[in-house]
Asker: 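This structure is in structure tokens; I'll ask about it shortly.
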Amino acid sequence: MGSREIKSPEDMLETPASLEEDGRSRKKLGMFFIESDNRRTAFGRGYTGGTTPVDIHGKPIADLSKTGGWIAALFIFGNEMAERMAYFGLSVNMVAFMFYVMHRPFSSSSNAVNNFLGISQVSSVLGGFLADAYLGRYWTIAIFTTIYLAGLIGITLCASMKIFVPNQDQCDQLSLLLGSCEPAKPWQMLYLYVVLYLTSFGAAGIRPCVSSFGADQFDERSKDYKTLLDRFFNFFYLCVTIGAIVAFTLVVYIQIERGWGAAFGSLAIAMGVSNMLFFAGTPLYRHRLPGGSPLTRVAQVLVAAFKKQHVPFTRSELVGLYELPGRHSAIKGSGKIPHTDDFRCLDKAALQLKEDGGNPSPWRLCTVTQVEEVKILIKLIPIPACTIMLNVILTEFITLSIQQAYTLNTHIGKLKLPVTCMPVFPGLSIFLILCLYYSIFVPVSRRITGHPHGASQLQRVGIGLFISILSVAWGGVFERFRRGYAIKHGYEFTFLTPMPDLSAYWLLIQYCLIGIAEVFSIVGLLEFLYEEAPDAMKSIGSAYAAIAGGLGCFAASIINSIVKSVTRNPENKQQSWLSQNINNAKFDYFYWLLTVLSIINFCFFLYSAHRYKYRTEQTFEAWETKQNILAEDS
């Protein structure tokens, strides 16, 4: 079938598509569409509701009432709970395992675990890409959760079999401090890193897909969809929190009572059970069709825009902006996206010229929806980028606060709480806040803001970032007091000896504050990314949050290395701020440095959030523009 020009159909609007020419004139360019059967076939023969749910075989679901909803979400919650339990169980125990069993220095052990956490999150873009492009979210989770389980089994074997660890004879606490214990052989460390990063690879495929796959189970045509989605992400993060609490308590208890092998084995068992539950829920799940490679579509837009960078919007041979007519989208798994005026240089990828012919290459001409996908991905970046600093603080608290706790009294009455259990308190505060969120926060904030959910997604992210500043600032205040107390009472050189008169529960203030910050920022961010990401790129959007978390881990390692290098002076025998002897170090200075960086980051967030327009706002503005144009024509 030949191509023909079609004026904008009724569901699309006449869109301003001109740029400033020499700062003087603007020209309105009506949106035209080119219909071509070949073009539509190349992208999947036109898709209407890119959000239409299908079954596991890719066929439309006849009766939606028998699938999806909260029952299906429960099976997904179980998988996420186990994955988070394993993630936090490794993060809190692996530093101690490397130090006490593999005889690695504490600083290098912390950096190795930080890198593991960072890689597992940054590489989430791989899982998001595979899910959106080829496998779909269900099969991506199914494959990578099996890889995750294999990695956990490998770590369990490492901790259970003597062949994988160095000799533990004559290695007491003094020998550990002096570094005189037999170090792990290179091949032993190689095996540990291989199985550790195998779990990291497995997590990379699970993390960006689980929240999106769970949200897919709800009908977006329902009048309660926004409320259901809001509650889903809160309950989703509640499951994350429960997994963390179990990791910081039960797994630590198993390690103390039964050893490292049993502790890591419990994580493998939990992951195995969750895998079985996930597969058991298969008949209930609603699926979304993968939309083809999102990276290819992004590349096509960039290449097409580059090829036409010198083509003015006022050129006489210009036909219009290219799009399929009607309600069909050229992208599998996506509905149409209205044109916006952001990043106008990218609009040139959709400029239809007469020389393009009837069946142009997608590397020369892209649809408006395809261009808008790229615009959305770019516009989303500043918001998750602002949460990198929050993740830096979370990473630092996991390692540094444990070092602080070793010098403090962790008794509750006659019960002595293991130091590695201390990170459970942010989890408990998160659990409490999520339980009280709808009964207290939403009604109170609704009266203040008038927002039906109490606060918008960006407002919640901002609240969390502000509270994180208070958390790290308090950490600096308390650390200054703790270090002064240690020096005054003669503990300057015995940094692994707890001070009986100074309670570790002063750390609860910074723990609870960072827990509250995490609830508002991370939950708000996950919901924001899911709703704002393009239909066929939901997993990529969710991966943004994981990438921010991973970059936070890497940034923490980089900041630590810079601070150690800059503040250490061997000639004057001056130790760094992050010296292994915490009573001689300057952790308080480090916390205040993080406070200053957090304040700068918060200011950047306020600027980015003020400039950001939700997609619903842009759609409403586009509708108003259309009405105004129609009124002028009449």
Side-chain angles (χ1 to χ4, degrees), residues 49-53 68-69 73 76 124 128 131-132 137 207-237 286 288 291 294 329 331 333-338 340 342 369 372-387 437 442 449 451-464 519-548 605 608-623:
T51 54
T52 302
I76 300 170
S124 294
D132 286 340
R137 288 186 262 279
R207 190 170 294 115
C209 300
V210 174
S211 61
S212 298
F213 188 53
D216 288 344
Q217 306 310 309
F218 299 95
D219 187 359
E220 60 189 19
R221 295 170 296 182
S222 169
K223 63 179 181 180
D224 299 325
Y225 177 68
K226 291 284 187 181
T227 300
L228 290 172
L229 206 61
D230 181 63
R231 290 181 179 271
F232 165 78
F233 281 105
N234 276 288
F235 283 120
F236 174 81
Y237 212 72
R286 296 173 183 173
R288 309 287 181 182
S329 168
I331 301 170
S334 174
K336 278 187 174 179
I337 305 176
T340 63
D342 301 310
T369 294
E372 292 301 320
E373 279 188 328
V374 179
K375 290 183 182 181
I376 291 171
L377 290 181
I378 296 174
K379 287 186 288 187
L380 289 178
I381 289 175
I383 304 303
C386 290
T387 64
Y437 184 83
V442 171
T449 65
H451 194 279
H453 301 298
S456 69
Q457 296 150 357
L458 291 180
Q459 286 173 338
R460 279 182 279 166
V461 174
I463 291 171
V519 167
F520 283 98
S521 283
I522 305 301
V523 176
L525 180 64
L526 287 173
E527 185 178 342
F528 168 78
L529 292 173
Y530 182 82
E531 288 200 29
E532 295 297 302
D535 292 336
M537 295 185 178
K538 296 293 186 184
S539 298
I540 293 288
S542 296
Y544 272 15
I547 292 172
F605 169 80
S608 301
H610 177 72
R611 288 178 56 86
Y612 187 85
K613 289 185 179 180
Y614 289 98
R615 288 179 61 185
T616 52
E617 293 178 0
Q618 291 183 321
T619 302
F620 179 74
E621 290 179 1
W623 180 85

Asker: Answer whether the closest heavy-atom distance between the side chains of Leu377 and Glu373 falls below 4.5 Å.
Answerer: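 Side chain of Leu377 against side chain of Glu373, heavy atoms only: no contact under 4.5 Å found.
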
Asker: Roughly how far apart are Asn234 CG and Leu229 CG, rounded to 0.5 Å?
Answerer: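 With rounding to 0.5 Å, CG (Asn234) is 10.5 Å from CG (Leu229).
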
Asker: Atom CZ of Phe233 and atom CG of Leu525: how far apart are they, to the nearest 0.5 Å?
Answerer: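 Here the interatomic distance stands at 10.0 Å.
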
Asker: Between NE2 of His610 and CG of Leu458, what distance do you get to the nearest 0.5 Å?
Answerer: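 One finds 12.5 Å between NE2 of His610 and CG of Leu458.
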
Asker: Does any N or O in the side chain of Tyr614 come within less than 3.5 Å of the main-chain N or O of Phe528, such that one atom is a donor and the other an acceptor?
Answerer: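 No; zero donor-acceptor contacts below 3.5 Å.
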
Asker: Rounded to the nearest 0.5 Å, what separation is found between the CD atom of Gln457 and the CG atom of Leu526?
Answerer: 10.5 Å

Asker: Mind checking the CG-CG spacing from Leu529 to Leu380? Nearest 0.5 Å is all I need.
Answerer: 6.0 Å

Asker: Ignoring hydrogens and angles, tell me if any N or O in the side chain of Ser212 forms a donor-acceptor pair with the backbone of Cys209 under 3.5 Å.
Answerer: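 Side chain of Ser212 to backbone of Cys209: no pair is present.
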
Asker: Minimum heavy-atom separation for Ser608 to Ile383, with atom names?
Answerer: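 In this case the closest contact between Ser608 and Ile383 is CB-CD1, 4.2 Å.
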
Asker: Which atom pair, heavy atoms only, marks the closest approach of Ile378 to Pro382?
Answerer: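 Nearest heavy atoms, Ile378 then Pro382: O-CD, 3.6 Å.
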
Asker: If you look at every heavy atom in Ser124 and Ala543, which pair is closest and at what distance?
Answerer: O-CB, 3.8 Å

Asker: Quick one: are Phe236 and Ile76 in side-chain contact, heavy atoms under 4.5 Å?
Answerer: no

Asker: Looking only at heavy atoms, what is the nearest atom pair of Ala73 and Phe218, with distance?
Answerer: CB-CZ, 4.4 Å

Asker: Applying ring pair (Phe, Tyr, Trp, His ring centres under 6.0 Å), run through Phe232 and Tyr530 and close with a yes or a no.
Answerer: CA-CA 12 Å; Phe232 165 78; Tyr530 182 82; 8.0 Å; no

Asker: Any sub-3.5 Å donor-acceptor pair from Glu372's side-chain atoms to Thr340's backbone N or O?
Answerer: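 Yes; judged by distance alone, with no hydrogens or angles, the pair exists.
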
Asker: Do any N or O atoms from the side chain of Arg286 and from the backbone of Gln217 form a donor-acceptor pair under 3.5 angstrom?
Answerer: yes

Asker: Let me confirm one number: the OG-OH distance from Ser456 to Tyr612, rounded to the nearest 0.5 Å.
Answerer: 11.5 Å

